[in-house]
**Student:** 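First, the structure itself, so that you have it in front of you.
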Amino acid sequence: MNITVQKFGGTSVGTPERIKAVADRVSELKKTTPHIVVVVSAMGDTTDELIALSHRISETPNPREYDALISTGENISAALLAMALQNLGVLAISLTGPQAGVATSGHYGRSKIVDVDTKRILHELSLGNVVVVTGFQGINDALDVTTIGRGGSDTSAVVLAAALGAGVCEIFTDVDGVYTTDPRKVKSASKLSEISYEEMLELASLGAKVLHPRAVECAKENGIVIHVRSSFDRVEGTLVKEAAAMEVNRPVTGVTMNEDEAQISILNIPDSPGVAGQIFSELADAAVNVDMIIQTVQENGFNKISFTVSVDDLQQAKTVTSNVGARLKASGVQFDDAIAKISIVGVGMMSKPGVAAKFFKTLGDNGINIRMISTSEIKVSCVIDKADGPRALELLHAVFELDRL
Ligand code: ASP
Ligand code: MG
């Protein structure tokens, strides 16, 4: 059975009108495509509203009941979409995660999909139904509903595509694809016709919120091509797929700017074994996620350690580093949230020397000072002053010819 899997996100099913528009689109496809599975997210901000509601009852809701509650947003959109399809004369049925055979395990609120028993879905397809499945939820060994983490419907869709042997998972969203940079920040941003899993993962972790990273990982593991496209128009979007199948000519695929990090420096810490371990263990114990880290020799026998954290974690990080700094006899701790992290990403840079140099030189030639650098095989990031961020983004986008794709 050749099965098409499509996923529609929260904005795409945000209102009854939008749900009817999705139904129109699916019913049109049904004329040429016999077997369609549609995965839906909750309408608009429904999940946020359900979470807020739970907190009006309890500061620390019971995890089982919390999942029982927040999983319901998807039930609403799935049932409404099935109704809308039926109104158009299309055979359709909605299935919850449990009904669709989606098995989960692990903690409530962040469980993982471990298996899909496709019997019911296949049966409904064989009866001629469009099968509408709720994203974000499944059922655990105790037969309780669990959710798989915020934004998880993308992952639900990819897992279903894999289980149903669909080679492609179409993800419909409110943007028409993946861009070389944020089009709201750089006018000449261009849409990529394809991007590798690795690049997409880097971009996702750098803040491009187009796809849920776990969905990309899952697609990579199962060899599923993700087609990211707009539910508002018909244009082709971006294919997320294996890099090996593509010709990698360009060294850089995307440039990103993250303005939501802060830099912390611990000054004049004695240079002795165990110091970094101590600092970063205490940060980890306080659940602070650390991004870039640099240690430099400050003076004889003393080091300076700088690192970045998300601004959301800054208060917590300040408390922890001030305490540990004092205990380790550092001379002081500095904080700065007026920074921007600029990154270039591209699988092509692995085989092309001079990419990082071009990045640094572009900043230097334009009088932009680099405060921190970090690299991976397919990424180079620099921390610079926040005030220089937008200009740097624009310059790098042009230097790496991303406006000419
Ligand atoms: N409705 C869930 C959320 O808002 C899942 C999703 O949208 O993917 O997190
Ligand atoms: Mg959502």
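Start at 1 and go down the list; that is how both ligands and their atoms are numbered.
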**Student:** Suppose I only count heavy atoms of Ser41 and a 4.0 Å limit; which atoms of ligand 1 are within that range?
**Tutor:**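 Checking each atom against Ser41, I get 6 (C), 7 (O), 8 (O).
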**Student:** Show the atoms of ligand 1 that are less than 4.0 angstrom away from any heavy atom in Thr47.
**Tutor:** 1 (N), 2 (C), 3 (C), 4 (O)
**Student:** Within ligand 1, which atoms have a heavy atom of Arg150 less than 4.0 Å away?
**Tutor:**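 By the 4.0 Å cutoff, the relevant atoms are 3 (C), 4 (O), 9 (O).
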**Student:** Taking only non-hydrogen atoms of Gly152, do any sit less than 4.0 angstrom from ligand 1?
**Tutor:** yes
**Student:** Counting only heavy atoms closer than 4.0 Å, does ligand 1 sit against the backbone of Ser153, its side chain, both, or neither?
**Tutor:**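 Under 4.0 Å from ligand 1, Ser153 contributes backbone and side-chain atoms.
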**Student:** Say you draw a straight line from CD1 of Ile305 to CG of Asn268; how long is it, rounded to the nearest 0.5 Å?
**Tutor:**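 Between atom CD1 of Ile305 and atom CG of Asn268 there are 11.5 Å.
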**Student:** Nearest 0.5 Å, please: how far is CD1 in Ile279 from CG in Asn323?
**Tutor:**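 Rounded to the nearest 0.5 Å, the CG-CD1 separation comes out at 12.5 Å.
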**Student:** For the atom pair CD (Glu170) and CD (Gln6), what is the distance rounded to the nearest 0.5 Å?
**Tutor:**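 With rounding to 0.5 Å, CD (Glu170) is 4.5 Å from CD (Gln6).
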**Student:** What do the steps show when you test Asn289 against Ser310 for side-chain contact (heavy atoms from CB on, under 4.5 Å), and what is the final call?
**Tutor:** CA-CA 7 Å; Asn289 254 322; Ser310 153; over 6 Å; no
**Student:** Which part of His212 is near ligand 1, with near meaning a heavy atom under 4.0 Å away: side chain, backbone, both or neither?
**Tutor:** neither
**Student:** Output yes when the distance from some N or O of ligand 1 to some N or O of Gly151 is under 3.5 Å, and no in every other case.
**Tutor:** yes
**Student:** Taking only heavy atoms of Glu74 into account, list the atoms of ligand 1 that are under 4.0 Å away from them.
**Tutor:**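 Those qualifying, in numeric order: 1 (N), 2 (C), 5 (C).
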**Student:** Using the rule side chain to side chain contact (heavy atoms under 4.5 Å, CB included), only one of Val168, Val225, Ile224 pairs with Lys241; which is it?
**Tutor:** Val225
**Student:** Which heavy atom of Thr238 sits nearest to which heavy atom of Val178, and what is that distance?
**Tutor:** OG1-N, 2.8 Å
**Student:** Quick check on side chain to side chain donor-acceptor pair (under 3.5 Å): which of Asp182, Thr181, Asp176 does Tyr179 satisfy it with?
**Tutor:** Asp176
**Student:** Would you say Lys7 has any N or O atom under 3.5 Å from an N or O of ligand 1, going by distance alone?
**Tutor:** no
